[in-house]
Amino acid sequence: MPERGEDGTGVRTDGHWSDHAACRAADPEELFADGAGQNRSKAICFGCPVRTECLAHALDTRVEHGVWGGMTERERRALLRRRPTVTSWRRLLDTARQEHRAHIVRVAGPGARLPEAS
Ligand code: SF4
């Protein structure tokens with residue numbers, strides 16, 4: 001999720017993954033919207049190649065506002081309450097992604113088209 005940058009682009013600069021964000025050129029006002037605006041933000045996230053990294057960052061750093069990784073602040077709070085023992089969402093989500101990719105290869109074979117890894 002971009003934050004309003006000094007250059008007005010709204011692009012975060014706290015990690016390389018944000019360079020590939022689907023919302024890189026989006027209006028921060030739209031991305032921090034409420035209600036229906038959040039659904040529009042989430043729609044952008046669903047096609048984002050760095051969704052996992054974005055969500056992990058928001059969960060690991062307890063970002064309180066906005067849609068990050070396709071989840072609203074309310075959804076992230078609920079997830080954090082359900083999983084209070086997770087110490088690194090980045091590690092947990094990376095592991096889940098690797099296991100998912102391995103499962104696809106097991107089921108579809110070594111030539112399977114895999115989800116992008118960033
Ligand atoms: S997952 Fe959504 S909020 Fe995060 S970088 Fe991608 S488009 Fe932006």
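If you read the sequence from its start, that first residue is 1, and numbering goes on from there. In each ligand, atom 1 is the first atom listed, and ligand 1 is the first ligand listed.
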Original post:
Any idea which atoms of ligand 1 are less than 4.0 Å away from a heavy-atom of R51?
Top reply: 1 (S)
**OP:** Could you tell me if the ring centre of H57 sits under 6.0 Å from that of W17?
**Re:** yes
Subject >> Element-labelled atoms of ligand 1 that are located less than 4.0 Å from some non-hydrogen atom of G69 >> reply: 1 (S), 4 (Fe)
Original post:
Looking at C23, which atoms of ligand 1 are within less than 4.0 Å of one of its heavy atoms?
Top reply: 3 (S), 5 (S), 7 (S), 8 (Fe)
Subject >> Sub-4.0 Å atoms of ligand 1 with respect to non-hydrogen atoms of I44 >> reply: 7 (S)
Subject >> E75: partners by salt bridge (charged side-chain N to carboxylate O under 4.0 Å, His left out), with sequence neighbours left out >> reply: K42
**OP:** Would you mind checking if R91 and D94 are paired as a salt bridge, meaning a charged N to carboxylate O distance below 4.0 Å?
**Re:** no
Original post:
Where does V67 meet ligand 1, judged by heavy-atom distances below 4.0 Å: at the side chain, the backbone, both, or neither?
Top reply: backbone
Original post:
Hey, are E99 and R106 close enough for a salt bridge, meaning a charged N less than 4.0 Å from a carboxylate O?
Top reply: no
Original post:
Relative to the heavy atoms of C48, which atoms of ligand 1 are at a distance of less than 4.0 Å?
Top reply: 1 (S), 5 (S), 6 (Fe), 7 (S)
Original post:
If we only count heavy atoms from C-beta on, is the W68 to L59 side-chain gap below 4.5 Å?
Top reply: no
**OP:** List in chain and number order the residues that pass salt bridge (charged side-chain N to carboxylate O under 4.0 Å, His left out) with D60, two or more places apart in sequence or in another chain; answer none if no residue qualifies.
**Re:** none
Subject >> Metal site atom 8 (Fe) of ligand 1: N/O/S of C54 inside 2.8 Å >> reply: no
